[in-house]
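Okay, structure first, notes after.
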Amino acid sequence: MTEAIHLASWNVNSLRVRLEQVLEWLQASKIDILALQETKLTDDLFPVDAFENIGFHVVFSGQKTYNGMAIASRMPIQEVVTDLEDYIDPQRRILAATIAGIRLINLYVPNGAAVGTDKYDYKLTWLSKVTSFIEKQLLDYPLVAVVGDFNIAPEDRDVYDIKTWSGGVLVSPQEREAFAKLLSIGLKDSFRQFSQAEDIFSWWDYRTAAFRGNRGLRIDHILLNERLSATCLESKIDIEPRRVERPSDHAPVMVRFTKD
DNA sequence: ATGGTGGTCTTACCA
């Protein structure tokens, strides 16, 4: 029996502000691999020592003020990719790496602002380019996990009040089609492999004190290819880190699986 | 009620 691997993804909305929370949670939750989004740090400022001191390797693709990606892992990290060959994008929103034979693709999908805006168009274009990249990765690697902040709630049950959100950004048909396309190329939403309680979300807007009333959306996901999903034992969202003082607006999502 | 809060080389922009 192989020991289980715990893989997680968390949009931390500034690693500088959330570093202590992340380190604490990493250790308390026995996480082996953590994908981070919105680090908002340039590479020269990345807190490498803080992660290494608790036994983690770390790779990152940073940016000032906005975006910024990282992966922390107890196991060595190889074959790091930060840019797509056929899509030049100065925004740091993708970080792929191989860890213990698993191809991990960490994404921070553009928010999209509002349907019909330039940012919305950028989101759809970005998704299309990244989907092509993932399609190729699925051919090259036997075990693939695509994780991150997708900024898409795939189904109505992933939204606290679909009437309020219907047709808007994060739930619009075109965004959901882009998400469905990711599933159609050979990925599964790990969260939906298991029975889950109702009204489980991963993001709550700071602006409306949304967390207090659990007015959230499930927009952070862990997608696994067939072979990896077959070994997945659990998929959940840990909302405890959203309860603390000065939290990220996102909660971490996590899976437990045996590698073979 | 198209607001609100939170983060950032802040007085604007992003989410």
Side-chain angles (χ1 to χ4, degrees), chain A residues 9-25 34-47 50 60-70 88-95 106-127 130 147-154 158-172 174-176 178-179 201-221 237-253:
Chain A
S9 169
W10 195 359
N11 179 325
V12 290
N13 185 24
S14 169
L15 186 57
R16 206 193 303 256
V17 171
R18 238 67 69 184
L19 181 60
E20 291 310 315
Q21 291 179 36
V22 169
L23 298 175
E24 203 171 293
W25 185 81
L34 175 63
L36 294 165
Q37 304 89 38
E38 283 207 89
T39 57
K40 300 187 175 179
L41 283 171
T42 49
D43 290 349
D44 56 312
L45 294 173
F46 196 92
F60 37 84
S61 176
Q63 184 182 336
K64 189 172 65 178
T65 311
Y66 306 116
N67 313 312
M69 311 297 288
I88 310 277
D89 185 0
Q91 301 194 31
R92 304 292 80 195
R93 295 179 176 277
I94 183 162
L95 181 61
N106 179 15
L107 306 179
Y108 176 40
V109 177
N111 172 279
V115 176
T117 60
D118 288 350
K119 289 187 181 125
Y120 182 79
D121 292 342
Y122 165 59
K123 179 178 195 172
L124 295 176
T125 302
W126 190 94
L127 280 163
V130 168
V147 313
D149 176 0
F150 287 71
N151 269 315
I152 300 171
D158 299 315
V159 182
Y160 75 92
D161 178 11
I162 191 59
K163 282 180 192 157
T164 304
W165 284 79
S166 186
V169 74
L170 311 187
V171 307
S172 75
Q174 276 184 287
E175 289 164 84
R176 284 180 168 178
F179 188 86
F201 308 120
S202 69
W203 170 79
W204 302 259
D205 201 329
Y206 288 126
R207 289 169 289 190
T208 49
F211 186 67
R212 212 137 51 96
N214 194 28
R215 293 182 294 273
L217 281 77
R218 192 176 69 92
I219 57 175
D220 299 85
H221 309 295
I237 301 173
D238 183 3
I239 67 166
E240 293 307 316
R242 188 63 175 80
R243 296 186 198 281
V244 305
E245 203 178 329
R246 218 177 174 196
S248 166
D249 45 351
H250 294 255
V253 298

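By convention in this document, chain letters (A, B, ...) are assigned in the order of the sequence lines, proteins followed by strands, and residues within each chain are numbered from 1. For the numbers below, each heavy atom of this structure counts, side chains included, while hydrogens, waters and symmetry mates do not. What you see is a predicted model, and the numbers here were worked out from it, not measured in a lab.
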Whole-angstrom distance between [N] and [M], as gauged at atom [atom1]:
{"N": "B:dG6", "M": "B:dT11", "atom1": "C1'", "answer": "16 Å"}
{"N": "B:dT8", "M": "B:dG3", "atom1": "P", "answer": "25 Å"}
{"N": "B:dG4", "M": "B:dA15", "atom1": "C1'", "answer": "13 Å"}
{"N": "B:dC9", "M": "B:dC14", "atom1": "P", "answer": "15 Å"}
{"N": "B:dT2", "M": "B:dG7", "atom1": "P", "answer": "25 Å"}
{"N": "B:dT5", "M": "B:dT10", "atom1": "C1'", "answer": "15 Å"}

Length of the line joining [X]:[atom1] and [N]:[atom2], which is rounded to integer Å:
{"X": "A:Asp161", "N": "B:dA1", "atom1": "CG", "atom2": "P", "result": "17 Å"}
{"X": "A:Arg212", "N": "B:dG4", "atom1": "CZ", "atom2": "P", "result": "16 Å"}
{"X": "A:Glu245", "N": "B:dT5", "atom1": "CD", "atom2": "P", "result": "17 Å"}

In chain order, what residues pass the side-chain contact (heavy atoms from CB on, under 4.5 Å) check against [X], with sequence neighbours excluded?
{"X": "A:Ala209", "answer": "A:Arg212"}
{"X": "A:Arg215", "answer": "A:Tyr160, A:Ala210"}
{"X": "A:Arg16", "answer": "A:Ser14, A:Leu41, A:Leu45"}
{"X": "A:Tyr66", "answer": "A:Gln63"}

Can you find a heavy atom in the side chain of A:Trp203 that is under 4.5 Å from one in the side chain of A:Leu170?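 Of all side-chain heavy-atom pairs linking A:Leu170 with A:Trp203, at least one is under 4.5 Å.
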
Listing request: all salt bridge (Lys or Arg N to Asp or Glu O under 4.0 Å) pairs with a residue in residues 115-125 of chain A, at least two apart in sequence or in separate chains.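 Matches after skipping sequence neighbours: A:Lys123-A:Glu175.
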
Say whether A:Asp238 and A:Trp25, considering side chains only, have a donor N or O and an acceptor N or O under 3.5 Å apart.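 Side-chain D/A pair, A:Asp238 to A:Trp25: present.
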
Partners of A:Asp220 by salt bridge (charged side-chain N to carboxylate O under 4.0 Å, His left out), sequence neighbours excluded?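 By the salt bridge (charged side-chain N to carboxylate O under 4.0 Å, His left out) rule, A:Asp220 matches no residue at all.
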
Run the ring-ring contact (aromatic ring centres under 6.0 Å, His included) test against A:Phe201 and tell me which residues pass, sequence neighbours left out.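 So A:Phe201 forms no ring-ring contact (aromatic ring centres under 6.0 Å, His included) with any residue.
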
Runs of at least three consecutive pairs that involve DNA chain B, where pairs are Watson-Crick or G-U with distances under 3.5 Å: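 Expected stems, ordered by start: B:5-8 with B:12-15.
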
Going 5' to 3' through nucleotides 7-15 of chain B and flagging B where a protein heavy-atom sits under 4.0 Å of the base, S where only the sugar-phosphate is that close, and - otherwise, we get SSB---BSB

